[in-house]
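Inspection log for the structure reproduced underneath, given as structure tokens.
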Amino acid sequence: MAEQLVVHNDVSKEQRYQELLPQLEALVAGESDFIANLSNILAALKTTFNWLWVGVYLVKENELVLGPFQGPIACTRIGYGRGVCGTSWEQKEVLLVPDVDAFPGHIACSSASRSEIVLPVINTSGEVTLVLDIDSDKLNDFDETDKKYLMKIVELINKL
Ligand code: SME
């Protein structure tokens, strides 16, 4: 396992994702524990992009329960169809929220959060097993480039 990530700061966001992805694959190769690998992927995302909050909510029975994350403490349980995370779970869709204040029902775990992207992880039976949630303290911080590459990271998480 690599001990540190090498991702350049002075390149485009797309290039940073392209540098990061193979390193994430290497990071999880050789370790079979789901939580260990997931935690390292989240830490790598947080340190690379310096977002406010990077974490997951795991589907447990009828709600989402906080899993591994990096950032400020967060709400622990989110209902089906509630907030951005519960809506992503319900719709089985990636939700890109440029302004969290404009999203009806947004759950403010941190008052510093301004924009958010949530991606569902869907297993081979078509069920959502967890959602990847990323918050930024900047408005409109996520775009189609983030969606494209975070979907690849979701694929990686799905194979852990
Ligand atoms: N904002 C999310 C809640 C989770 S926190 O952002 C960590 C939502 O509306 O579902």
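Side chains are part of it too, since the values below use all heavy atoms of this structure and drop only hydrogens, waters and symmetry mates. Counting starts at 1 for both ligands and their atoms, following the listed order.
Using a cut-off of 4.0 Å between Lys/Arg side-chain N and Asp/Glu carboxylate O, Arg82 and Glu63 are scored as not salt-bridged.
A donor atom on one side chain and an acceptor atom on the other are not found under 3.5 Å apart for Gln15 and His8.
Ring orientation note: the planes of Tyr149 and Tyr17 are close to parallel, at an angle under 30° on the 30°/60° scale.
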Output, or 'none' if empty, a list of ligand 1-protein atom pairs in which both atoms are N or O and the distance is under 3.5 Å, rounded to 0.1 Å.
{"from": "ligand 1", "atom 1": "1 (N)", "to": "His106", "atom 2": "NE2", "distance (Å)": "3.3"}
{"from": "ligand 1", "atom 1": "1 (N)", "to": "Ile107", "atom 2": "O", "distance (Å)": "2.7"}
{"from": "ligand 1", "atom 1": "1 (N)", "to": "Glu116", "atom 2": "OE1", "distance (Å)": "3.0"}
{"from": "ligand 1", "atom 1": "1 (N)", "to": "Glu116", "atom 2": "OE2", "distance (Å)": "3.1"}
{"from": "ligand 1", "atom 1": "6 (O)", "to": "Asp133", "atom 2": "OD2", "distance (Å)": "3.4"}
{"from": "ligand 1", "atom 1": "6 (O)", "to": "Asp135", "atom 2": "OD1", "distance (Å)": "3.2"}
{"from": "ligand 1", "atom 1": "6 (O)", "to": "Asp135", "atom 2": "OD2", "distance (Å)": "3.0"}
{"from": "ligand 1", "atom 1": "9 (O)", "to": "Val84", "atom 2": "N", "distance (Å)": "2.9"}
{"from": "ligand 1", "atom 1": "9 (O)", "to": "Ile107", "atom 2": "N", "distance (Å)": "2.9"}
{"from": "ligand 1", "atom 1": "10 (O)", "to": "Val84", "atom 2": "N", "distance (Å)": "3.0"}
{"from": "ligand 1", "atom 1": "10 (O)", "to": "Cys85", "atom 2": "N", "distance (Å)": "2.8"}

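In this structure, the separation between CZ on Arg114 and CG on Leu52 is 10.0 Å, given to the nearest 0.5 Å.
Here Cys109 pairs with Cys75 under the disulfide bond (SG atoms under 2.5 Å apart) rule; sequence neighbours left out.
Side chains of Lys13 and Asp143 form a contact here, defined as non-hydrogen atoms less than 4.5 Å apart.
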